[in-house]
Amino acid sequence: MLQVQYIKDHREEVINLLAIKNFKASDLIQQVIDLDIKRRNSQKKLDDLLAESNRSAKEIGMLYKTGKVEEANKLKEVTIEYKHEAKVLSDRLGEVSDQLNALLLEIPNVPHPSVPGGNTEQDNVLVFEEGSFPELDEKALPHWDLIKRYDIINFELGNKVTGAGFPFYKGKGARLQRGLINFFLDRALEAGYIEYQTPLLVNRDSGYGTGQLPDKDGQMYKINEEDYYLIPTAEVPITNIYRNSILKAADFPIKNVAYSNCFRREAGSWGKDVRGLNRLHQFDKVEIVQIQHPEKSYETLEEMKDHVASLLRELKLPFRIMRLCGGDLSFTSALTYDFEVFSGAQKKWLEVSSVSNFESFQANRLKFRFKDTDGKTKLTHTLNGSALALPRIVAALLENNQTEEGIRMPEVLIPYTGFEVIS
RNA sequence: GGAGAAAUGGCAGAGUGGUCGAAUGCGGCGGUCUUGAAAACCGUUGAUCGUUUACGCGGUCCGGGGGUUCGAAUCCCUCUUUCUCCGCCA
């Protein structure tokens, strides 16, 4: 959520930058500014009335003390009137505030000036590419065939026990999952992150805090009995740790990492590009989150980008980094790098990580502030990234490393998997 | 699940209807003293909204929400959480 003051001070800039996201903001922003004036007027009226009412109440106390009961009773009648008026004003203020808030929730984050224009992923800009495509022969199999051949991931069982998109991992498939999770966590710890295990269910306030609600309501699984949501990413619980809190400038940077299951309904996107591990309803992910001083958040974004790149390099997967264009950028993000690995048999780039700077957009919703060295309380900047999401990494590892003798694990994973070949 | 107790500022802990945004202690910050540090002493120390060029002034906040009252940290209702005892349980 953007701050009203910021919108007022940077009106034209906000409108122009939001246009990069293909968001027409001028009408909304006019409404926000009008409502803000209305809100402040209502607030002033109410405050003045309450001040008067408070003065009367004190005076009545004094009158009682000095035995002037009649005068006190007279004053009471006046004060009761104040109370009725205050109720009306307070209701009006509440309405105006709610309206204003609802409008603010509709305005997406302002993109960083370096975000390219464009509508779809076709318009994303390649910023880095590394590694060579695997040399596979004609008979190379896509991962959905490989997993059957070696009996390591079973979709049919998942269909039977739960439904589509909830596979079982079995034998070396399960051990590969466990190995990757530990590998990613260890690398994050070496980079100075603190490990967390989080709840997999969060409440409504947390959903609003990180921006999944209200706009992505239908994408999360919901527990109706408790009004809880299954997390789509560990970003939600990890970032909501800091909801309604105030840090010191010396606390930066905060670096957290969490492995979690992630649950996504993927409503609307089922049907294409979803074969095998390409898109699941439940998957595993190691997520890194950083909390940073506003002046340093873009340095931090680069650091996180480098961390993710180093993981892919170690796994010897060919990858590229894309700067998302305005149309592909999420509601909450100011700048996002997507990481894609090349999956040799599908001959496709698969998105395996998304590293974003949300600037103060989440922090404003979260009421997550810090006391700066100048003594002022300001909003923090929040960033996060996948490091990494497992299923597509597994898909690429299986496809790119297949040989006549089986699937060879990359050197770096062998201590983690405990085996060299899936055969 | 049942019975009881509790929730106050960064922490501990007073406060049961009228200058209480809240005593006191610890911690934090500034200063005096000291070669330096500690101790001691003095001062200061919450968030948020509105208003003001500014000094300041005003509103709101004592777990969340609602109510009683001219006036609520204090009384009532409700929800949540924590603790103790019992039950159940990986």
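First the proteins, then the strands, lettered A, B, ... as listed; each starts at 1.
In this structure, Tyr64(A) reaches the bases: a heavy-atom distance under 4.0 Å links it to at least one base atom across the strands shown. Contacts of Lys371(A) with the nucleic acid, taken as non-hydrogen atoms under 4.0 Å apart, involve only primed sugar atoms and P, OP1 or OP2.
rC70(B) and rC29(B) have their P atoms separated by 48 Å, with the value rounded to a whole Å. If you take atom C1' in rA54(B) and the same atom in rA38(B), they sit 42 Å apart, rounded to whole Å. Distance check on atom P: rA6(B) versus rG15(B) gives 12 Å, rounded to whole Å.
Shown here are the ring-ring contact (aromatic ring centres under 6.0 Å, His included) partners of Tyr298(A), two or more places apart in sequence or in another chain: His112(A). When the ring-ring contact (aromatic ring centres under 6.0 Å, His included) test is applied to Phe358(A), no partner is found at least two apart in sequence or on another chain. With sequence neighbours excluded, the residues forming a side chain to side chain contact (heavy atoms under 4.5 Å, CB included) with Ala191(A) are Tyr193(A), His307(A), listed by chain and number. The ring-ring contact (aromatic ring centres under 6.0 Å, His included) check on Tyr416(A) picks up Phe183(A), with sequence neighbours excluded. Residues satisfying the side chain to side chain donor-acceptor pair (under 3.5 Å) test with Ser260(A), not counting sequence neighbours, are none. Remark: Phe166(A) pairs with His281(A) by the ring-ring contact (aromatic ring centres under 6.0 Å, His included) rule, at least two apart or across chains. Residues that satisfy the side chain to side chain contact (heavy atoms under 4.5 Å, CB included) test with Asn22(A), not counting sequence neighbours, are Asn119(A).
Boundaries of the chain A contact region on RNA chain B are rG18(B) to rG71(B), first to last in 5' to 3' order (nucleotide atom under 4.0 Å from a heavy atom).
Using a 4.0 Å cutoff on non-hydrogen atoms, the parts of residues 41-60 of chain A near RNA chain B are Gln43(A), Lys44(A), Asp47(A), Leu50(A), Ala51(A), Asn54(A), Ala57(A), Ile60(A), ordered by number. Annotation: proximity of residues 96-106 of chain A to RNA chain B (heavy atom, distance under 4.0 Å) is found for no residue.
At least one test fails for Lys216(A) against the ring of Phe331(A): distance under 6.0 Å to the centre or angle within 45° of the axis.
Between Lys76(A) and Arg39(A), it is Arg39(A) whose nearest contact on RNA chain B lies nearer the 5' terminus.
Side chains of Gln5(A) and Asp9(A): a donor on one and an acceptor on the other come within 3.5 Å. For the 3.5 Å distance criterion, the side chains of Arg275(A) and Asn278(A) fail to qualify, holding no donor opposite an acceptor. Defined by atom type and a distance below 3.5 Å, a donor-acceptor pair is present between the side-chain atoms of Gln30(A) and Asp34(A). Between the side chains of Gln292(A) and His381(A), no donor N or O sits under 3.5 Å from an acceptor N or O.
Stem regions annotated for RNA chain B: B:1-7 with B:80-86, B:10-12 with B:24-26, B:27-32 with B:40-45, B:46-51 with B:56-61, B:63-67 with B:75-79, counting only runs of 3 or more consecutive pairs of Watson-Crick or G-U type with both contacts under 3.5 Å.
Listed by first then second residue, pairs satisfying salt bridge (charged side-chain N to carboxylate O under 4.0 Å, His left out) with a partner in residues 248-257 of chain A read Lys255(A)-Glu303(A), not counting sequence neighbours.
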